[in-house]
Participant: 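Please see the structure below; I have some questions.
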Amino acid sequence: MSTKLKSPDNLPNKPGVYIMRDSSDTIIYVGKAKNLIKRVKSYFREKLDRPKTQILMSHFDSLEYIVTNSEKEALILEATLIKKHRPRYNVQLKDDKRYPYVKITDEDFPRLVITRNVTKNGIYYGPFTDVGSVKQTVKFLKSLFKIRTCRNMNGPCLNAQIDLCNAPCDGRITKEEYSEIINKIDLFFQGKYSVIVKAAVIRDQIASIEEIMEKQFVDLVDDDLDQDVIAIAPGENEVVVIIMPIRNGKIVGRDDFLMSASQYDSSSEIMFAFIQQYYGYNRHVPKQILLDEDIDDKELLEEWLSDLRGNKVKIKVPQKGVKLRLVKMAKKNAEIIKHQKKKMESALIELKKYLKLEKMPHVIEGYDISNISGKFAVGSKVSFKDGKPDKKRYKHFKMETPGPNDFAMMEELLTRRLKMVDRDPEPDLIVIDGGKGQLGMACGVLEKLNLTHIPIIGLAKEFEEVFTPNSKRPIIIPKNNKALYLLQQVRDESHRFAITYHRKLRSKNISASSLDDIAGVGKKRKVALLKEFGGIDNIKMASVDQLAKIDGMNQKTAENVYNYYH
């Protein structure tokens with residue numbers, strides 16, 4: 001990087017990236033240029049046409065530059081620096097809300113995992129908006145292709161023993177044979193099911209997966225083109241971007257993103273920035289990208305995308321036919337989501353008004369306890385950001401307080417969470433399920449931790465009354481109000497999350513210990529029973545005769561198993 005300059009006079013006549021800073025040395029803008037001196041000089045004219053440029057230059061103090069070999073290299077470097085420094089006056093893709101991806105790991109014998117973090121290692125598919133569907137699909141593929149799930153290949157595990165893994169750790173499959181399986185999984189995610197599916201029973205399973213993953217799997221045209229359709233809906237300070245991937249003539253999903261942009265940014269600038277930042281993040285690059293309007297420097301983007309893909313990529317603005325209908329569909333979706341986001345912002349404004357909060361409650365946390373007579377007691381923390389669940393900040397807690405004592409458990413839960421504000425930033429509002437009593441206890445926790453500045457409320461379920469500290473009477477928010485609906489969502493989600501974890505712990509405890517407690521059932525018989533019946537629930541329903549027929553079992557042990565569960 002060059003030394004800091006106050007003017008563009010000494011810039012070279014070469015392609016590169018320029019970096020503008022303000023008086024506090026903060027990077028406020030990053031730009032690319034085919035010719036650095038010509039491009040940057042345009043910012044220093046006496047009369048600046050664009051309001052955005054006028055605002056930018058009113059904060060300008062110094063600049064630096066980096067020379068590159070080509071304009072394409074400058075494009076790549078610009079995207080990297082924008083992502084790293086997030087300059088105030090650049091149009092930026094917001095990364096705070098991310099959906100999961102399915103990843104094939106970069107290993108000799110790859111695994112199939114679900115992740116929200118995209119790196120340069122491995123192959124990624126997605127993003128997927130339905131987490132549950134993704135989990136079901138990955139589980140299905142693991143059992144169908146018997147790929148390994150263990151992190152360390154330390155010898156045959158239980159999955160290998162019950163024929164759910166090809167056991168590369170034990171040399172039962174070669175690297176080449178395993179690679180063929182991974183190629184089939186790759187084809188599956190490309191939508192080429194017919195290539196890997198032959199047996200009718202498997203086709204039926206695939207059909208059910210299709211139904212789960214692609215509820216809107218719309219047939220459009222007999223076309224093998226790999227396409228993405230992109231459209232935007234600009235707002236005052238944010239832009240909604242819709243992207244619809246099309247594979248083999250079918251819509252296979254839809255995702256929405258937010259771009260931070262000002263009212264002075266043109267649609268062309270916004271779309272260019274989105275394509276640059278979206279595809280520069282290790283995502284699949286399609287053969288064709290359809291837009292609702294043309295953009296500047298399209299040829300530069302096409303050249304860069306073609307390098308990423310490995311063959312020719314075209315950016316088109318369709319004028320008629322099916323492709324035009326696709327673009328209009330994407331545009332309509334973007335407008336709908338923009339409207340929904342406005343409604344959610346309205347709910348936050350209403351909530352701020354009713355609760356008399358000093359600032360907008362962008363981050364709301366809800367807490368709940370779940371236990372049965374004190375057993376397997378768990379606590380949950382859920383987080384909502386700008387009115388939507390922020391699941392990466394959800395957290396479970398195994399409670400240590402002896403029970404049943406919901407008050408004491410809630411006190412423990414809040415204390416443990418709020419002691420972590422250095423690692424997990426404090427919320428703008430805390431919601432607990434309960435009335436004045438529960439709220440009083442929670443306020444005591446805030447006092448102990450010197451966090452009384454965090455707003456907190458109790459939402460009583462019977463009449464949906466909102467209790468606040470230092471107020472004898474509850475706040476009654478009208479039933480049809482968006483603010484109340486948001487609070488109910490937070491409360492109900494924290495309850496659901498706590499119950500789900502509670503059930504999981506109970507289930508793990510039962511399945512992990514029950515067979516081990518039965519006389520005559522050792523490791524081999526346990527594996528044989530699980531392999532034959534598929535799980536504890538089916539073993540419970542089996543008769544003595546059915547149990548006795550399993551390899552390695554005898555009549556006495558079969559009776560022991562039956563009697564244990566009955």
Side-chain angles (χ1 to χ4, degrees), residues 105 107-114 135-185 188 196-209 376 503-566:
T105 61
E107 299 171 280
D108 286 343
F109 294 94
R111 293 171 293 130
L112 195 62
V113 298
I114 297 171
K135 288 181 178 177
Q136 289 184 49
T137 302
V138 169
K139 183 179 179 181
F140 164 73
L141 291 173
K142 285 178 178 177
S143 64
L144 176 64
F145 293 111
K146 300 178 183 178
I147 59 174
R148 75 181 184 95
T149 58
C150 55
R151 287 181 178 272
N152 302 308
M153 297 170 60
N154 294 328
C157 60
L158 181 61
N159 279 353
Q161 294 177 49
I162 61 176
D163 198 30
L164 286 177
C165 178
N166 285 309
C169 56
D170 198 33
R172 299 182 198 176
I173 185 171
T174 66
K175 189 175 177 181
E176 291 72 24
E177 291 169 332
Y178 198 93
S179 294
E180 288 181 14
I181 292 174
I182 296 300
N183 288 336
K184 290 176 182 177
I185 293 174
F188 176 91
I196 64 168
V197 177
K198 298 300 176 185
V201 63
I202 301 299
R203 279 201 301 272
D204 291 341
Q205 289 176 308
I206 291 287
S208 67
I209 297 297
F376 309 114
R503 287 173 180 162
K504 183 177 180 180
L505 287 184
R506 282 166 47 207
S507 175
K508 273 188 176 180
N509 183 73
I510 291 167
S511 62
S513 62
S514 56
L515 284 174
D516 298 328
D517 293 340
I518 301 172
V521 178
K523 184 177 179 180
K524 289 185 177 179
R525 283 175 174 166
K526 180 179 177 179
V527 168
L529 286 166
L530 287 171
K531 181 178 178 180
E532 179 65 28
F533 292 102
I536 295 293
D537 288 341
N538 292 334
I539 293 173
K540 289 178 182 178
M541 293 187 289
S543 66
V544 173
D545 288 342
Q546 288 173 318
L547 293 166
K549 289 177 182 177
I550 305 304
D551 288 343
M553 292 288 286
N554 56 41
Q555 186 70 20
K556 176 64 177 172
T557 308
E559 290 173 357
N560 289 346
V561 173
Y562 183 87
N563 292 335
Y564 181 88
Y565 291 119
H566 293 82

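Keep in mind that the numbers below use all heavy atoms, side chains included, and drop hydrogens, waters and symmetry copies.
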Participant: Mind checking the CZ-CD spacing from R172 to E177? Nearest 0.5 Å is all I need.
Facilitator: 13.5 Å
Participant: Go through it in stages, so that I can follow the logic: the residues are L547 and T557, the test is side chain to side chain contact (heavy atoms under 4.5 Å, CB included), and I'd like the CA-CA distance, side-chain angles, deciding distance and then a yes or no.
Facilitator: CA-CA 9 Å; L547 293 166; T557 308; over 6 Å; no
Participant: When you look at F145 and I182, which way does the side chain to side chain contact (heavy atoms under 4.5 Å, CB included) test go after all the steps?
Facilitator: CA-CA 9 Å; F145 293 111; I182 296 300; over 6 Å; no
Participant: Indicate the atoms forming the closest heavy-atom contact of R525 with G520, along with that distance.
Facilitator: NH1-O, 2.7 Å
Participant: Taking atom CD1 of I539 and atom CD of E532, what is their separation to the nearest 0.5 Å?
Facilitator: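 Between I539 CD1 and E532 CD, I get 10.0 Å after rounding to 0.5 Å.
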Participant: So, for F533 and N538, which heavy atoms are closest and what is the spacing to 0.1 Å?
Facilitator: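 That would be O-ND2, 2.6 Å.
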Participant: Would you check, one step at a time, whether the test side chain to side chain contact (heavy atoms under 4.5 Å, CB included) holds for I181 with K146?
Facilitator: CA-CA 9 Å; I181 292 174; K146 300 178 183 178; over 6 Å; no
Participant: Rounded to the nearest 0.5 Å, what separates atom NZ in K142 from atom CG in L112?
Facilitator: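 It comes to 6.5 Å.
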Participant: What are the two closest non-hydrogen atoms of N560 and A519, and how far apart are they?
Facilitator: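 Where N560 meets A519 most closely, the heavy atoms are ND2-O, 3.2 Å.
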Participant: Closest heavy-atom contact between Y178 and P168?
Facilitator: CE1-CG, 4.1 Å
Participant: Between R148 and C150, is there a donor-acceptor pair closer than 3.5 Å when you use the side chain of the first and the backbone of the second?
Facilitator: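 It does hold such a pair.
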Participant: Heavy atoms only: give me the nearest A558-V544 pair and the separation to one decimal.
Facilitator: CB-O, 3.7 Å
